[in-house]
Amino acid sequence: MAHEWLDKALFYEIYPQSFMDTNADGIGDFQGIIEKLDYILELGCNAIWLNPCFDSPFVDAGYDVRNYYKVAPRYGTNEDLKRLFREAHMRGMHVLLDLVPGHTSSDCEWFKKSGMADKNEYTDRYVWTDNIWSNTEAVHNTTGFIRGGYERNGAALVNFFTAQPALNYGFARVDQPWQQKYDEPGPMATREAMKDVMRFWLDMGCDGFRVDMAGSLVKNDEDQAATISLWQDFRKFLDEEYPNAVMVSEWGEPDKSLAAGFHMDFLLHFGPSNYMDLFRVEHPFFSREGKGDAATFFGKYMRNKHLADRGDGLICIPSGNHDMQRISKYLDESELKIAFAFLLSMPGVPFIYYGDEIGMRYLEGLKSVEGGYERTGSRSPMQWNKKANAGFSAAPSDELYIPIDPDKQRPDVMTQRRNINSLYSTIQQLAEVRAEHSALHNRSGFKLLHCEKFSYPLVYERFDEKEGTVLVIINPSGRDTEIELTIPEGGETIFTYGGKVAAHGDKVKIPAESANFILINV
Ligand code: NOJ
């Protein structure tokens, strides 16, 4: 099977600004990541998603690319990034870069040339109205216009922040004279330009891309059919030229993204997946108060899973990311262990957000850094040890990119590594169990056995032909519970937290706050 490594991939997301600073400038760098590759591997992760590391004015933490072909000097050089790929590959690891195909920085040369009055190669690279004064009504999936400051008599559509002009992939439904159909030469040339960017980094050694706002490229495309066909074209390009490359989409609708040719899609904190019900609502399913609901989530998940299984696509459930509040804001250490038992026993490709493995806190009330706003609290420096700046940087503390968690009790890697009962050690153990048991691998089978609305426990099976079945029984609630379930004789418990389950006849008693994986058919 193509992309065989995805079957065992376990990703670690790195926000490069905050991971490890080796030159004492207060901000992380490539060398820091290289030095921590063994740490990531020891945790059990064998793949990395690196947030944007390209030249940028950093109005949106690098999601405003100024030069697609050059890394930001604060992280190192293109050569350093190439070395990172090499070092990762030497350890059997894979690295995905963050591709931001929907918009650039307004500081990008492409945009400056596009704003010139005289026609040039970049005239159609962005979406411009045909008159600076034209009444620019909102276009679906966009956030406004840049008006003024350029010779060109028009306003440019923007995607996210005002400094992020939208690249022109055209419109599915054209309802203004300045809008181009998605298959016109201008939009088609933008596609080719983005393929060149991909070629450049794939040739340098990256293994593929996490794709930013993948579902939003073609405008006025409410059912996303044109955007889906655009990505099918990108997938064809990869299959022909870089068959080993993979793409994971920030889309959150696997029914669409996987049909579009993405190898994987994330469930997100927005969109229709009900991902938030599990970890980040007033009553999360994984809270011991036991008032949460996983059934709505699973209703949607199962529908998407059936569609994903028809192709070769994978659904990714992340522990968090740089855009959402850290999972530890809602769950304490014991609850987190059970949440990770779920994350690391589900099918698809798990993603761990840096620092979640030690329960790093969401820092409330921080001043916004690089367009982070409330997201800044999830982007603080990694806490490695008990030394100054938690071992992240030798810079003076007031020069750090984002202040470090000031709590004296803040978690750190060194302390948790020494404690076999820590969150870090539990996650490491879970990753090891997942790696050792093929029934738990990313593409192995999945069957939901018990999941009722606002009720506990959650029970499912993972299985494959080689190994048989692993029964996963999870009860995050603070109450013991009993359900009808027959566990065949001879089962071997391969992971347990919070107490083992007790089978009697056709019933099973499940302790409060527990997670158990039982290998049967041995
Ligand atoms: C999604 C990214 O994850 C987020 O951080 C960014 O601000 C927006 N897309 C805009 O690119």
Side-chain angles (χ1 to χ4, degrees), residues 12-29 32-33 35-36 39-40 42-43 45 50-51 58 61-62 74-75 269 279-280 284 286-287 318-337 339-340 343 351-419 421-428:
Y12 191 80
E13 177 189 345
I14 296 180
Y15 186 74
Q17 287 91 321
S18 298
F19 196 55
M20 183 66 205
D21 171 22
T22 56
N23 63 352
D25 62 355
I27 196 155
D29 43 53
I33 298 173
E35 289 177 16
K36 294 296 181 186
Y39 164 76
I40 296 167
E42 181 195 285
L43 174 65
C45 293
L50 193 57
N51 285 117
F58 293 102
R74 67 192 198 178
Y75 302 130
H269 52 300
F279 317 112
R280 290 176 179 78
F286 283 98
S287 158
S319 70
N321 70 26
H322 61 290
D323 291 332
M324 36 178 140
Q325 292 177 323
R326 283 205 183 260
I327 189 168
S328 63
K329 178 172 158 64
Y330 297 87
L331 306 177
D332 66 20
E333 189 186 319
S334 174
E335 292 167 328
L336 283 172
K337 289 177 183 167
F340 271 97
L343 287 165
F351 277 69
I352 299 177
Y353 182 51
Y354 85 96
D356 280 353
E357 72 273 28
I358 53 168
M360 267 175 61
R361 294 193 313 148
Y362 173 73
L363 305 187
E364 307 274 354
L366 287 184
K367 212 192 287 167
S368 176
V369 175
E370 294 187 345
Y373 300 97
E374 76 290 347
R375 306 176 294 184
T376 308
S378 297
R379 300 174 176 186
S380 63
M382 181 67 179
Q383 294 152 202
W384 295 104
N385 54 42
K386 295 222 176 297
K387 295 185 190 150
N389 295 330
F392 161 69
S393 167
S397 303
D398 57 358
E399 287 176 20
L400 299 188
Y401 167 77
I402 290 175
I404 216 134
D405 183 348
D407 191 332
K408 289 208 167 52
Q409 300 301 316
R410 68 185 173 218
D412 68 82
V413 168
M414 203 197 232
T415 311
Q416 292 206 14
R417 243 172 166 177
R418 291 190 188 132
N419 172 1
N421 295 316
S422 66
L423 178 61
Y424 169 88
S425 299
T426 305
I427 293 175
Q428 191 187 41

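Owing to the predicted nature of the structure, the values given are computational and were not obtained by experimental measurement.
Going from atom NZ of K367 over to atom CD1 of I402 covers 12.5 Å, rounded to the nearest 0.5 Å. Between M382 atom CE and S393 atom OG the span is 15.0 Å, to the nearest 0.5 Å. In this structure, CG in N321 is found 4.0 Å from CE in M324, a value given to the nearest 0.5 Å. Atom CG of residue N421 and atom CD of residue E333 lie 9.0 Å apart, to the nearest 0.5 angstrom. In this structure, CD1 in I327 is found 13.5 Å from NZ in K329, a value given to the nearest 0.5 Å. Atoms CG and CZ, from D29 and R74 in turn, are 11.0 Å apart once rounded to the nearest 0.5 Å.
At a threshold of 4.5 Å between non-hydrogen side-chain atoms, the residues N385 and V413 do not count as touching. Counting heavy atoms from C-beta outward, P411 and Q416 have side chains that approach closer than 4.5 Å. Side-chain contact between S319 and F340 is present, with at least one heavy-atom pair separated by less than 4.5 Å. With contacts defined as side-chain heavy-atom distances shorter than 4.5 Å, the pair I404/S380 does not qualify.
Side-chain N or O atoms of R375 include none that pairs as donor or acceptor with a backbone N or O of H322 at under 3.5 Å. One N or O on the side chain of D21 and one on the backbone of G26 form a donor-acceptor pair closer than 3.5 Å. Here the side chain of E335 pairs a donor or acceptor atom with the backbone of D332 at under 3.5 angstrom. A distance-only check finds no donor-acceptor pair linking the side chain of Q409 to the backbone of D407 [under 3.5 Å]. In this structure a side-chain-to-backbone donor-acceptor pair under 3.5 Å is present from T376 to Y373. Within the 3.5 Å criterion, the main-chain N or O of A61 finds a donor-acceptor partner in the side chain of Q17. One N or O on the side chain of T426 and one on the backbone of S422 form a donor-acceptor pair closer than 3.5 Å.
The minimum heavy-atom distance linking A339 with L331 is given by the pair CB-CD1, 4.0 Å. Between W384 and G391, the shortest heavy-atom contact is CD1-O, 3.8 Å. Here the shortest heavy-atom pairing between E42 and Y424 reads OE2-OH, 2.6 Å. Listed here is the closest heavy atom pair of M360 and P381: CE-O, 3.3 Å. Minimum heavy-atom separation, A395 to L400: CB-CD2, 4.3 Å. Between L366 and G377 the shortest heavy-atom distance is CD1-CA, 4.1 Å.
Applying the ring pair (Phe, Tyr, Trp, His ring centres under 6.0 Å) criterion to F279, with sequence neighbours excluded, gives Y275, F286.
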Exercise. Take I358 and I427 through the test side-chain contact (heavy atoms from CB on, under 4.5 Å) and record every step on the way to the result.
Key: CA-CA 9 Å; I358 53 168; I427 293 175; over 6 Å; no
Practice problem: Go through the steps to decide whether K386 and D412 satisfy the test salt bridge (charged side-chain N to carboxylate O under 4.0 Å, His left out), and finish with yes or no. | Solution: CA-CA 7 Å; K386 295 222 176 297; D412 68 82; 2.8 Å; yes
Exercise. Take D356 and R326 through the test salt bridge (charged side-chain N to carboxylate O under 4.0 Å, His left out) and record every step on the way to the result.
Key: CA-CA 7 Å; D356 280 353; R326 283 205 183 260; 2.9 Å; yes
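Taking the six-membered ring for Trp and the full ring otherwise, F19 and Y12 have centroids separated by under 6.0 Å.
Side-chain atoms of E370 and Y401 form a donor-acceptor pair, as typed in the model, at a separation below 3.5 Å. Side-chain contact check for E374 and Y362: no donor-acceptor pair (N or O, by modelled atom type) lies under 3.5 Å.
Using cut-offs of 30° and 60° for the angle between ring planes, the Y354 and Y15 rings count as parallel.
A salt bridge links R379 with D323: at least one charged nitrogen is closer than 4.0 Å to a carboxylate oxygen.
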